[in-house]
Amino acid sequence: MKYKFCVPSVVRGHSSPKRALSYLIFYILYFIFTLSLFSCQKADSTYYTGARVNFTFTYTNTVPELNAALGGFGEFCTVRLDGNNFLFSGLKSTTTRPLTAVDTRVHPALGLSGLILGRPNIPEPGADVARVVAFDLACPCYDDFSTTRNLQLQAGGMAYCSRCSRTYDLNNQGIVAKGDAGRALYRYRANFNSFGNTLSVSN
């Protein structure tokens, strides 16, 4: 895409030098702002990972760890596949749920290693309420090592990687809270229907 930067006549000499300068400054700032928008769009496109996710779970209220994560604020749980079972884990407990016949037909996928699910205690930028989020259970240091390392949930909405020693803030878009600088957690799009107690995660 080509951009044509047009300088208005008031800048080219049909007005006072002072006014012409003010117009020129305005257009320069406008041009910089436009470029920043394109940069933000590019960053947002890399915010989500392309790993395959196909996860729908009904009756979320029957799993204590998941029910707490979706119904409260600042609480999170993980879900992994273990053979023909989903394993939902919180900080202190784990619940096993067998795959249904429907699950078996659609072949559920949970990203690189599993999912971290919950509702942050603060809304994300641009949102008026905190919505359910889904992060990959694998640490982004996968980019450096090409092997997954599962994150460990910690109190206060944190997740820790024992390989790279980074701690991620699940309440703040999965950014690095402690340790070496790095990208935020891989994430997916989550949709939670509280009336039907149904959660779906996709990318």
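With rounding to the nearest 0.5 Å, the separation of OH in Tyr188 from CD1 in Ile116 is 10.5 Å. One finds the OG1 atom of Thr96 at 4.5 Å from the CG atom of Leu87 (value rounded to the nearest 0.5 Å). We find the CG-CD distance between Leu66 and Glu75 to be 11.5 Å, quoted to the nearest 0.5 Å. Atom-to-atom distance recorded for Thr147:OG1 and Leu112:CG is 11.0 Å, nearest 0.5 angstrom. Distance check, rounded to the nearest 0.5 Å: CG of Asn197 to CG of Asn67 gives 7.5 Å. Atom CG of Asp82 and atom CZ of Arg97 lie 14.5 Å apart (nearest 0.5 Å).
Taking each heavy atom of Tyr168 and Pro140 in turn, the nearest pair found is OH-CD, 3.5 Å. Nearest heavy-atom pair across Leu117 and Ala134 is CD2-CB, 3.7 Å. The two residues Ala138 and Asp136 have their closest heavy-atom pair at N-OD1, 2.8 Å. Counting all heavy atoms, side chain and backbone alike, Cys77 lies closest to Leu153 at CA-CD1, 3.8 Å.
Within the 4.5 Å cutoff, side-chain heavy atoms of Glu124 are placed close to those of Gln173. Using a 4.5 Å heavy-atom cutoff, the side chains of Thr56 and Val201 are not in contact. Between Tyr160 and Leu151, the closest side-chain pair of non-hydrogen atoms is not below 4.5 Å. Residues Met158 and Asp169 have side chains in contact (heavy-atom distance under 4.5 Å, counting atoms from C-beta outward). Pro120 has its side chain out of reach of Leu170: every pair of non-hydrogen atoms, C-beta onward, lies at least 4.5 Å apart. Side-chain contact check for Val129 versus Pro123: every heavy-atom pair is 4.5 Å or farther apart.
Open room surrounds CG on Asn84; 12 or fewer heavy atoms of other groups in view lie less than 6.0 Å from it.
A donor-acceptor pair is defined here as one N or O able to donate and one able to accept, closer than 3.5 Å; such a pair exists between the side chain of Asn171 and the backbone of Asn121. A donor-acceptor contact shorter than 3.5 Å is absent between the side chain of Thr104 and the backbone of Val102. A distance-only check finds no donor-acceptor pair linking the side chain of Asn54 to the backbone of Leu110 [under 3.5 Å]. The backbone N or O of Cys161 sits nowhere less than 3.5 Å from a side-chain atom of Ser165 that would complete a donor-acceptor pair. Side chain of Asn203 to backbone of Arg189: no donor-acceptor contact under 3.5 angstrom is found.
Judged by the 6.0 Å distance and 45° axis criteria, Arg119 is positioned over the aromatic ring of Phe73.
Results of the side-chain contact (heavy atoms from CB on, under 4.5 Å) test with Ser200 over Asn191, Thr58, Val53 single out Asn191 as the only residue that passes.
In terms of hydrophobic clustering, with Ile, Leu, Val, Met, Phe, Trp and Tyr side chains grouped at heavy-atom distances under 4.5 Å, Val79 and Val132 are assigned to a common cluster. Linking ILVMFWY residues whenever their side-chain heavy atoms come closer than 4.5 Å, directly or via other members, leaves Leu81 and Tyr59 in distinct clusters. Both Leu99 and Phe88 are part of a single hydrophobic cluster, where members link through side-chain heavy atoms under 4.5 Å apart.
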From CA spacing to verdict: side-chain contact (heavy atoms from CB on, under 4.5 Å), Phe86, Thr95 = CA-CA 8 Å; Phe86 290 120; Thr95 296; over 6 Å; no
request  = Could you go through the side-chain contact (heavy atoms from CB on, under 4.5 Å) check for Cys139 and Arg163 one step at a time?
outcome  = CA-CA 9 Å; Cys139 179; Arg163 177 165 57 194; 5.7 Å; no
key: Stepwise side-chain contact (heavy atoms from CB on, under 4.5 Å) check, Gln154 with Thr167   = CA-CA 9 Å; Gln154 295 183 333; Thr167 299; 4.0 Å; yes
task = Given side-chain contact (heavy atoms from CB on, under 4.5 Å), test Phe76 with Val133 step by step and report yes or no.
result = CA-CA 9 Å; Phe76 298 87; Val133 297; 4.2 Å; yes
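Note on Arg80 versus Glu65: no salt bridge recorded, every NZ/NE/NH1/NH2 to OD/OE distance being 4.0 Å or above.
Using bins of under 30°, 30° to 60° and over 60° for the plane-to-plane angle, the ring pair Tyr186/Tyr142 lands in the perpendicular bin. The aromatic rings of Phe57 and Phe55 sit parallel to each other, their planes meeting at less than 30°, with 60° as the upper class boundary.
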